[in-house]
Amino acid sequence: MHALLEELGSAASAALVKAFGAEGVPPSLVFEPSPRADVQCTAAMQLAKALRKPPRDLAAAILPSVLAHPAVEKAEMAGAGFINVTLRDAWIAEHLDDALTHRPVGAGQTVVLDYSSPNVAKPMHIGHIRSTILGEAMKRVLRAVGYTVVADNHLGDWGTQFGKLIVGWRRYLDRAAYERDPVGELLRIYVKYSEEEKAQKLALGAPVKEGDDDDAPLPAQAPALLLEARAELVKLQAGDPENVALWKQFVDVSMAEFDRTYKRLGVSFDEVLGESFYNDMLAATVDELLEKGIAEHSQGAVIVTFTKERDGEAMPPMLVRKADGGFLYGTSDIAAMRYRMGRWSPSRILIVTDERQQLHFRQLFAVARRLGVPARLEHVWFGLMRLPEGTFSTRDGNVISLESLLDEAEKRAADVARSLNADLAEAELAEVARVVGLGSVKYNDLSKDRQTLITFTWDKALSLQGNTAPYVQYAYARIRSIQRKVAELGAVPGPLVALEPTERALVMTLLRYPLAVEEVAMSSRPHALCDYLFELAGAFSSFFNDCPVKDAEPAVRAARLTLCDRVATVLRRGLDLLGIEVVERM
RNA sequence: GCGCCCGUAGCUCAAUGGAUAGAGCAUCGGACUUCGGAUCCGAGGGUUAGAGGUUCGACCCCUCUCGGGCGCGCCA
């Protein structure tokens, strides 16, 4: 399909050049699939002004070059200058396998993909799932189109929370609870610490603001607990053996739990380079920024300022070194960028985080431009997930754990599967529940534009009807069922023959698969692939309704078997790119 | 106060400069003595928050207003 679109585009361009001269004519005009026609071109209207010709005259000049293409059955002008192209059935049939081939648009290029990035000592909750699921889908899609992808889990394994955690550990630890559920106990002592600190603040008469802001400038009367936490943090940063050992333990038990979750989700990374990995590069990073005149001293700290003239937009300053000499996450992000450029020379760096960090990354990327970083830098941000009653707060403990979400999803999928298919044995039913439940949770996140703000409700997150993973998985299972039945008759796939309307529509939908994948790779919007797969599954369901396979005459049956095979392959591969599995029966 | 993002059918969402704004859910009505009904076909439902502007053409780009979310130097 790509090749055809390009051939039509350059032929059309040549025709315009021949008729009206080369001035203002791009080397290839855009042809694309359209609901109105197999392929449509709107270039005549776009070029009318530049060529100072009526758009319909341009379209008329283009038409013969389109008609001359052997794939084209019919091409006609419509409306203001649209060109609608109908393709020959024979061409469509011959190019069926194009649906299975991606253009290697990323070949020879590397992408660093930073996603998931949970914070150590906190369990993953449903707010973490989007970064993880989106990132994993992007990894798979980028690889499918030829990129070398470095999947990097930029773990939140450093920062002021460790001072608090160490204080909490010393004061509140329940050793037995820790043995049973290390991360759960770490969360408990962190919450406990926060409550105590808050109580002390109130006792001092200090205002207590909402949110994670208690590292703001110390009030004159700081809570004793906070002073203690800061002291522990300083010791940790100075390499105090005891605190370092504790910190390392926190990281290890957290990572063990993250790994269990990742395994369950089918997510994997090439690197786990947390913030702490960059610690010993921070001083040099700031020095370099100062030397190059990018950063400057201000009120004892080191900051980078941004102006509209130099950076394209005015932004608040970015702090890279505190007055006390400490560094911030922005510093380590700059260091991480330098490290990634040096180690992998990527052409793109994608960072998947929630929307709250937009300003931070615009600042970071502005710094990168001043440093001369040549890669395309993309903040792949997504809308915050929230509960109907408001945002999550780990500290307040009003979270729904990722594990409980997945458990509930499997349970609901099992209930449905049991009621609809009594033939499934317990073991197979459990597998169906796992695949369908997990798929529905992932698809729920992936199928919406990532910038959409999601208000979590169980029924929405775990819906099994409509535009959901099970709908697509069900289409796949039905094809497999047909294939099993027809195989018993000894029938084998054969060449496509005359196409019924729903068959033709199905093939045309199949041919768009590589375009959909490429779009996701370039725009970092996986929901486009969900939309495509939903459409393909729908096109198959219509075909299934209209066109019998098993009872068709042999040549037709063979052709339809081929169609079934290609649809099953695309559904399975497409879902796999989203990190979603299929089952043979459900 | 300044900035970013969002606002599309009753609800959840598509459409990222192309024609008459599309799906799912819900509602109503059909299909099939089922190659798997987790299906298919159809109907109703829209001033794309509002007002201006740019364009041959605007949900999409620009300006303003309203509403919601988020952020804004010593947390991450």
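Just so it is clear, the model here is predicted, and its values are computed rather than measured. In the text below, chain A, chain B and the rest are named by the order of the sequence lines, each starting its count at 1.
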### Query
On a whole-Å scale, what distance lies between the P atoms belonging to B/G10 and B/U16?
23 Å
## Note on the structure
Re B/C72: Watson-Crick or G-U wobble partner, both distances kept under 3.5 Å, found to be B/G1
### Query
With respect to the phosphate group of B/C41, does any side-chain polar atom (N or O) of A/Ser542 fall under 4.0 Å of OP1 or OP2?
yes
### Query
Which nucleotide, in any strand shown, forms a Watson-Crick or G-U wobble pair with B/U48, with both distances under 3.5 Å?
none
### Message
B/C70, OP1 or OP2 - any side-chain N/O from A/Arg386 closer than 4.0 Å?
### Response
yes
### Message
What contact category does A/Ser481 fall into here, base, sugar-phosphate, or nothing, at under 4.0 angstrom with non-hydrogen atoms?
### Response
base
## Note on the structure
Using Watson-Crick geometry (N1-N3 plus N6-O4 or O6-N4) or G-U wobble (N1-O2, O6-N3), each under 3.5 Å, B/U39 is paired with B/A31
### Query
Of all of residues 301-309 of chain A, which get a heavy atom below 4.0 angstrom from RNA chain B, listed by number?
A/Ala301, A/Ile303
### Query
Considering only the P atoms, how many Å lie between B/G50 and B/C60, rounded to the nearest integer?
11 Å
### Message
Taking only the P atom of each, what is the distance from B/A58 to B/A19 in whole angstrom?
### Response
10 Å
### Query
Does NZ or CZ of A/Arg478 come closer than 6.0 Å to the centre of the six-membered ring of A/Phe544, within 45° of the ring's axis?
yes
Using a cut-off of under 3.5 Å, enumerate the N/O to N/O pairs linking the protein to nucleotides 3-12 of chain B.
{"residue": "B/C4", "atom": "O2'", "partner": "A/Gln358", "partner atom": "OE1", "Å": "3.0"}

### Nearest-angstrom distance, C1' atom, B/A23 to B/A15
10 Å
### Query
Where the side chain of A/Met45 is defined as all heavy atoms beyond and including C-beta, which of B/C35, B/G18, B/A19 is the nearest nucleotide?
B/G18
#### Entry: Among B/A38, B/C56, B/U39, the one nearest A/Arg478 by side-chain distance
B/U39
### Message
Which label fits A/Phe456 and A/Trp458: parallel for a plane angle under 30°, tilted from 30 to 60°, or perpendicular past 60°?
### Response
perpendicular
### Query
Whole-Å distance between B/C25 P and A/Gln465 CD?
7 Å
### Query
Any side-chain N or O of A/Lys322 less than 4.0 Å from the OP1 or OP2 oxygen of B/C75?
yes
### Message
Stacking between A/Tyr474 and B/G36, defined as ring centres under 5.5 angstrom apart with planes under 30°, is that present or not?
### Response
no
### Task
Look at A/Lys49 and B/C56 and indicate whether a side-chain polar atom (N or O) is within less than 4.0 Å of OP1 or OP2.
yes
#### Entry: Which residue lies more 5' along RNA chain B, comparing A/Ile454 with A/Val549 via nearest heavy atoms
A/Ile454
### Query
Do A/His360 and A/Tyr329 have their ring centres less than 6.0 Å from each other?
yes
### Query
Does A/Asp459 pair with A/Arg412 as a salt bridge, N-O distance under 4.0 Å?
yes
### Task
Name every residue in residues 527-535 of chain A that has at least one heavy atom under 4.0 Å from any atom of RNA chain B, in order of residue number, or write none if there are no such residues.
A/His527, A/Asp531, A/Phe534
### Message
Just the rounded figure in Å: distance from C1' of B/G73 to CG of A/Leu319.
### Response
4 Å
